[in-house]
Structures are given as C-alpha cells and as structure tokens.
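Please read through the structure below; I'll follow up with questions.
Predicted, not measured: the structure shown is a model, and the values here were computed from it.
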Amino acid sequence: MPSADYAESDGQQMKRLKQQLSAQLHIGTKLYDQLRRGECIREATGADLQCLADYFALLRPCQYHLWEQRYDSLTARQTVFLILQDDQHCDDETIARILGVSLVAVRVTRSRLRSRERAGGQPPAPSEP
C-alpha cells in the first residue's frame with residue numbers, strides 16, 4: 001500500500017501538471033485568437049508557437065492529423081504557417097504581416113513544407129523488426 005507521502009506527492013505533481021497545461025493552453029488560445037483577428041505575432045517565442053500548435057491540435061484534431069500524415073516532422077513555426085494558409089485561408093501578404101516576415105520568407109516556408117511532403121501524403125511504412 002502506498003504511503004501517504006507518496007500519494008501526496010502524486011497529488012502535488014498532478015496539480016502542477018494541470019497548472020502547466022492550463023497555462024500552455026491559455027497561451028495557445030490567446031495566440032490563435034490573435035491569428036483570427038489578423039494581429040501580428042512576431043514577438044511570440046518558439047515555446048509560444050508550440051503552445052499554439054498544441055492548442056490547434058486539440059481544436060482541430062482531424063486537420064492536424066492530416067498534416068501529420070502529409071508532412072515529416074513539422075516545426076511549430078511551420079504548423080502556424082499551415083494554420084494561416086489552410087485553416088484561416090490567408091493570402092501570402094496576410095501571412096507575412098501576421099508572422100512579421102517578408103513575402104520571400106513566406107515563399108521559402110512554403111518551399112520547405114513541400115520538401116517535407118511524404119509521397120502521396122501517406123505516413124511512412126512501418127519498419128520491420
């Protein structure tokens with residue numbers, strides 16, 4: 001039977017994890033709302049962008065799963081680009097303004113995404129043991 005100290009530390013750990021997850025979802029929600037309003041998110045850190053990507057994965061799991069099947073290992077920044085392009089249907093100028101980058105950077109990101117596309121949009125075949 002577990003000791004009371006062990007159970008208490010599990011409870012504290014669970015509380016800490018819930019608070020951390022809540023904070024991350026709050027950041028993701030806030031950034032997603034900024035995207036929808038067309039506001040610039042240039043100041044967002046890599047961790048913030050990851051929170052946005054994680055939030056989107058919960059918000060639109062089917063779309064996120066399609067991207068996971070179509071592309072090899074997306075970065076948070078590439079996921080945000082896809083949110084703007086595929087989910088919000090933004091044109092290149094709007095994407096550039098929201099991300100705080102040049103039009104050339106938008107085209108480079110799109111090119112890099114194409115290079116990560118899997119053949120036929122299918123997940124890789126499982127490897128044999």
Cluster question for you: counting only ILVMFWY and a side-chain heavy-atom cut-off of under 4.5 Å, with indirect links fine, are Leu82 and Leu58 together? yes

So how far is it from Cys51 SG to Leu21 CG, rounded to the nearest 0.5 Å? 9.5 Å

Do Tyr64 and Thr79 have side chains that approach each other closer than 4.5 Å (heavy atoms only, starting at C-beta)? yes

So do the side chains of Thr94 and Leu84 get within less than 4.5 Å of each other, counting heavy atoms only? no

Output the distance between atom OG1 (Thr75) and atom CG (Leu113), rounded to the nearest 0.5 Å. 7.5 Å

Have Asp87 and Tyr32 got a donor and an acceptor in their side chains that come within less than 3.5 Å? yes

So, taking the atom named NZ in Lys15 and the one named CD in Gln20, what distance separates them when rounded to the nearest 0.5 Å? 14.5 Å

Hydrophobic clustering (ILVMFWY, side-chain heavy atoms < 4.5 Å, transitive) - are Ile41 and Leu103 grouped together? no

With a 4.5 Å limit on heavy-atom distance, are the side chains of Trp67 and Asp86 in contact? yes

Return yes if some donor-acceptor pair links the side-chain N/O of Arg118 with the main-chain N/O of Tyr71 below 3.5 Å, else return no. yes

ILVMFWY cluster, Phe81 and Leu66 together (side-chain gap under 4.5 Å): no

Under 3.5 Å, side chain of Asp48 to main-chain N/O of Thr45, donor-acceptor pair present? yes

Close side-chain approach of Cys40 and Ile98, heavy atoms under 4.5 Å: no

Measure from the side-chain N and O atoms of Thr109 to the backbone N and O of Ala105, and report whether any donor-acceptor pair falls under 3.5 Å. yes

Measure the shortest side-chain to side-chain distance between Leu31 and Leu35 over non-hydrogen atoms and say whether it is less than 4.5 angstrom. no

Under the side chain to side chain donor-acceptor pair (under 3.5 Å) test, residues paired with Ser115 that sit two or more places apart: none

Do other residues, nucleotides or ligands put more than 12 heavy atoms under 6.0 Å from Arg60 CZ? yes

Output, in order, the C-alpha distance, side-chain angles, deciding distance and verdict of side-chain contact (heavy atoms from CB on, under 4.5 Å) for Val80 and Phe56. CA-CA 9 Å; Val80 172; Phe56 187 83; over 6 Å; no

Arg107 backbone acceptor or donor facing Ser111 side chain under 3.5 Å: no

Provide the closest heavy-atom pair for Gly46 versus Ala76 in the form atom of the first, atom of the second, distance. O-CB, 4.4 Å

Backbone N or O of Gly38 within a donor-acceptor pair of the Arg97 side chain at under 3.5 Å? yes

So does Arg42 have more than 12 non-hydrogen atoms from other groups sitting under 6.0 Å from CZ? no

Could you pull out all residues at least two apart from Arg110 that satisfy side chain to side chain donor-acceptor pair (under 3.5 Å)? Gln85, Asp92

Just verifying a value: how many Å separate Thr29 OG1 and Tyr55 OH, rounded to the nearest 0.5 Å? 4.0 Å

Would you say CZ of Arg116 has more than 12 non-hydrogen atoms from neighbouring residues, nucleotides or ligands within 6.0 angstrom? yes

Nearest-0.5 Å distance that lies between atom CD1 in Ile27 and atom CD in Gln24: 7.0 Å

Establish whether Val108 and Leu99 are linked, either directly or via other cluster members, by ILVMFWY side-chain heavy-atom contacts under 4.5 Å. no

